[in-house]
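Shown next, in structure tokens, is the structure this report addresses.
Sequence lines set the chain letters: A, B, ... in the order given, protein chains first and strands last, and positions in each chain run from 1.
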There are 2 protein chains.
Amino acid sequence: MAFKKNGNRAATLADVGREAGVSAMAASAVLNGAKTSTRISMVTRDRILAAAKKLRYRANVAARALAYRRMNTIGVAAVIEGGELNQYFLNVFNGILEGARERSQNTTVFTLQNWIEDSQRLLGFCDGRIDGMILVCPNLASQSVENLPSHTPFVAIHPNQVIKGVAFLESDEEEGAFAMVQHLIEKGHRRILHLSGGRGLISTARRIKGYQNALKKAQIAAPENMIIEAGFSIARGKEAMARFLQNVDAKALPDAVFCASDSIAVGAMEALAEKGIHVPEDISVAGFDDTLLARTTRPQLSTVRQPLRKMGYDAVDTLIRAIENRDNEPSPTSERKGYVTELVFRASIANRN
Amino acid sequence: MAFKKNGNRAATLADVGREAGVSAMAASAVLNGAKTSTRISMVTRDRILAAAKKLRYRANVAARALAYRRMNTIGVAAVIEGGELNQYFLNVFNGILEGARERSQNTTVFTLQNWIEDSQRLLGFCDGRIDGMILVCPNLASQSVENLPSHTPFVAIHPNQVIKGVAFLESDEEEGAFAMVQHLIEKGHRRILHLSGGRGLISTARRIKGYQNALKKAQIAAPENMIIEAGFSIARGKEAMARFLQNVDAKALPDAVFCASDSIAVGAMEALAEKGIHVPEDISVAGFDDTLLARTTRPQLSTVRQPLRKMGYDAVDTLIRAIENRDNEPSPTSERKGYVTELVFRASIANRN
DNA sequence: CTGAAAGCGCTTACAG
DNA sequence: CTGAAAGCGCTTACAG
């Protein structure tokens with residue numbers, strides 16, 4: 001009984017082979033399904049299996065990845081604002097996890113502080129640890145990501161631009177905003193305030209456009225000062241709503257507030273509550289996204305549902321196809337995959353007819 | 001100009017060395033700080049740097065990990081119930097991400113369906129892809145994880161048991177429950193319902209114990225039927241509250257409900273709202289955890305704060321120490337790190353004095 | 001049916 | 001100051 005000074009090292013193929021009295025390759029063939037001849041006699045096969053079990057053998061992924069040129073891991077990059085992953089990300093991420101699990105892929109999360117400043121770090125992640133990367137980037141301002149490495153495929157969810165060679169998924173935000181504002185109008189609201197997303201984002205612009213078009217179609221005047229820039233967070237929504245309320249007396253309250261995200265809506269509702277203004281009796285509120293937040297407010301929020309979870313799920317699919325085509329594809333395309341939004345009615349919109 | 005048919009392959013040290021007219025080791029020394037002699041002449045150093053930049057060289061982690069025996073990646077395992085990561089996890093995870101980022105470690109999330117059935121999968125993750133693993137396991141029933149591999153260190157957050165060789169972090173749940181119920185009593189509540197966590201969890205038992213002790217200390221009778229088993233989720237909380245309300249007429253409503261988690265409290269508030277019962281005018285509600293949920297309800301929830309984010313952050317620290325001691329440590333200990341809870345007062349508790 | 005060889009891209013001793 | 005060698009643990013051709 002030889003004393004093996006391997007400390008806490010995990011057993012290797014060589015260890016297993018030695019234990020079973022065969023070569024490491026034979027062990028590789030039965031344990032890891034290596035593509036060498038599959039026919040190993042039943043008896044030695046069983047010996048190898050027994051040895052592996054005894055030694056608690058696990059193929060080392062680093063070694064395997066090096067030889068096989070594939071990590072079976074996908075990266076997910078997101079910017080965290082205020083140090084917290086938000087509900088939007090959580091929804092998308094749940095879909096990504098589901099897709100990855102179905103395809104036996106692992107998931108690595110990379111958090112960035114800021115797309116512009118950290119876009120170089122993105123390159124650093126393409127060092128063999130992942131086979132491809134999903135960018136969750138609804139908050140990506142234009143021209144902040146470029147020069148992505150060609151040897152690692154990327155897929156973007158809600159980028160606000162076309163990134164060269166990167167497939168992207170987005171939902172019809174303008175259409176969703178249009179439908180929600182039209183719904184508010186149908187329910188008898190005329191003076192509709194819009195709390196918008198952050199400056200410079202296509203998402204923001206698209207939601208404003210949908211809002212404006214719905215008003216125009218109903219031939220309702222849309223004064224400039226009814227669009228207030230907020231930004232995609234609870235804090236910004238609250239701040240913007242409070243700012244608006246300061247300059248307006250109770251009689252002149254709008255009929256409704258259409259918020260560019262659920263988080264903005266939550267903030268707005270907080271600001272309204274602090275002024276003793278009731279939703280939806282005094283004012284209706286509508287959100288956008290349909291994250292978990294929409295169900296935790298009181299009253300629950302009517303909102304525009306984006307299929308975030310499905311988009312995350314599909315992104316995995318798109319990415320894996322790109323990974324598998326890595327070597328034969330001439331050049332990756334910036335293919336777009338679109339999703340329809342739908343209205344979700346809860347309790348935050350009153351009927352004023 | 002030789003045509004290199006390397007498809008979309010990333011540049012290697014050999015490529016950089018060739019480009020700069022030096023060996024791969026010299027390149028390794030400059031680019032990756034390999035421990036070989038550090039003194040490379042300035043001129044060749046610059047040549048190497050230039051070549052690396054031109055070729056966009058990135059050290060391949062799989063190769064590096066194999067040689068260096070370290071992945072610089074930590075695993076995070078959690079059970080997702082109902083297919084969704086919850087707020088509890090999100091809070092802990094934010095702390096883990098922060099700690100990992102500070103120490104330049106990557107993070108890989110492994111989701112399990114069920115601790116008992118998937119505990120074998122945990123072993124499968126210890127295959128060199130991670131250097132250590134954090135178990136986020138407030139929902140771990142006893143004896144469901146054992147036989148963890150000795151070559152990969154583990155740290156557990158809120159396991160409900162001592163796992164051999166695994167350091168663990170937990171907060172004083174019993175103390176927190178005690179303090180909250182005592183606070184309710186001070187505010188004039190006498191009949192206090194408890195909506196408990198899932199069966200078989202120490203967390204559940206500890207919160208019940210704290211509840212009971214506070215009543216006992218105040219010499220308030222605690223009838224058995226004032227403890228209702230719910231389970232740690234919004235749906236279970238709602239269901240349990242609704243079930244209770246069915247058997248009770250409006251006059252006999254308790255003064256307060258102490259919920260074993262914020263999610264239970266959110267569900268309870270939904271059930272109460274559906275019956276037209278107002279919080280806190282008709283009944284006070286208290287939660288536990290202080291996740292984001294506590295701030296999104298209307299009224300906002302008074303709750304017992306567990307320092308989840310800090311616990312996640314600290315778990316990284318504990319784990320990394322274990323990783324670095326991997327080879328010299330005789331045998332890892334089941335060291336415990338405790339955290340105090342604190343009460344957070346918002347608007348869901350009335351003063352009945 | 002099974003094994004010896006070479007290589008994935010990086011290390012760390014060891015020479016010079 | 002720099003390079004040739006051997007090895008991390010696994011592969012895939014190629015022999016026999």
Side-chain angles (χ1 to χ4, degrees), chain A residues 6-48 51-52 55-72 126-129 131 151 327, chain B residues 6-48 51-52 55-72 126-129 131 151 327:
Chain A
N6 75 343
N8 274 330
R9 292 238 300 287
T12 71
L13 273 183
D15 294 330
V16 174
R18 200 175 306 125
E19 175 81 21
V22 298
S23 70
M25 299 89 244
S28 175
V30 328
L31 296 173
N32 302 333
K35 278 191 189 153
T36 180
S37 67
T38 28
R39 289 180 297 176
I40 302 275
S41 73
M42 273 315 200
V43 281
T44 77
R45 182 187 177 77
D46 288 345
R47 267 216 316 281
I48 291 170
L55 268 39
R56 307 181 78 186
Y57 170 77
R58 290 283 161 190
N60 177 295
V61 279
R64 201 170 193 177
L66 192 57
Y68 192 61
R69 302 155 135 278
R70 176 93 186 253
M71 277 295 269
N72 290 317
C126 301
D127 55 4
R129 85 184 79 175
D131 304 313
H151 57 84
D327 293 329
Chain B
N6 74 344
N8 275 330
R9 292 238 298 288
T12 70
L13 273 184
D15 294 330
V16 175
R18 200 175 306 126
E19 175 80 22
V22 297
S23 70
M25 302 89 243
S28 175
V30 212
L31 297 172
N32 302 333
K35 277 191 189 150
T36 181
S37 67
T38 28
R39 289 182 297 178
I40 302 273
S41 72
M42 273 314 200
V43 280
T44 77
R45 183 187 176 75
D46 289 345
R47 267 216 316 280
I48 291 171
L55 267 39
R56 307 180 79 185
Y57 170 78
R58 290 283 160 190
N60 178 296
V61 279
R64 198 168 197 181
L66 192 58
Y68 192 62
R69 301 154 139 280
R70 177 94 186 253
M71 276 295 270
N72 290 317
C126 301
D127 54 5
R129 86 183 79 174
D131 303 313
H151 56 84
D327 293 329

Using a 3.5 Å cut-off on both pairing distances, which stems of three or more Watson-Crick or G-U pairs include DNA chain C? C:1-3 with D:14-16, C:5-12 with D:5-12, C:14-16 with D:1-3
From B:Met25 atom CE to B:Leu13 atom CG, the distance as rounded to the nearest 0.5 Å: 8.0 Å
Start with the C-alpha distance between A:Asn60 and A:Thr12, add both sets of side-chain angles, then the distance that settles side-chain contact (heavy atoms from CB on, under 4.5 Å), and finish with yes or no. CA-CA 8 Å; A:Asn60 177 295; A:Thr12 71; over 6 Å; no
Whole angstrom value for the distance that separates P of C:dC1 from CD1 of A:Ile48: 13 Å
Applying side chain to side chain contact (heavy atoms under 4.5 Å, CB included), name anything that partners B:Arg129, two or more places apart in sequence or on another chain. A:Val61, A:Asn106, B:Phe110, B:Phe125, B:Asp127
Within the structure, does a side-chain N or O atom of A:Thr44 lie under 4.0 Å from either OP1 or OP2 of C:dC1? no
Could you report the tightest heavy-atom contact between A:Ala20 and A:Ala51, atom names first, then the distance? CB-CB, 4.0 Å
Heavy-atom distance under 4.5 Å between the side chains of A:Cys126 and B:Arg58, does that happen here? no
Does B:Val22 reach a base, just sugar-phosphate, or nothing at all? Heavy atoms under 4.0 Å. sugar-phosphate
Between A:Asp131 and A:Met71, is there a donor-acceptor pair closer than 3.5 Å when you use the side chain of the first and the backbone of the second? yes
With rounding to the nearest 0.5 Å, note down the distance linking CZ in B:Arg64 to CZ in B:Arg70. 12.0 Å
With side chains defined as the heavy atoms from C-beta onward, is the minimum distance between A:Ile48 and A:Arg45 less than 4.5 Å? no
Tell me the interatomic distance from B:Met25, atom CE, to D:dG7, atom C1', rounded to whole angstroms. 13 Å
Between the protein and nucleotides 8-10 of chain C, are there any N/O to N/O pairs under 3.5 Å, and if so, what are the atom names and distances?
from: C:dC8; atom 1: O2; to: A:Ala67; atom 2: N; distance (Å): 3.3
from: C:dG9; atom 1: N2; to: B:Ala63; atom 2: O; distance (Å): 3.1
from: C:dC10; atom 1: OP1; to: B:Tyr57; atom 2: OH; distance (Å): 2.7
from: C:dC10; atom 1: OP1; to: B:Asn60; atom 2: N; distance (Å): 3.0
from: C:dC10; atom 1: OP2; to: B:Leu13; atom 2: N; distance (Å): 2.4

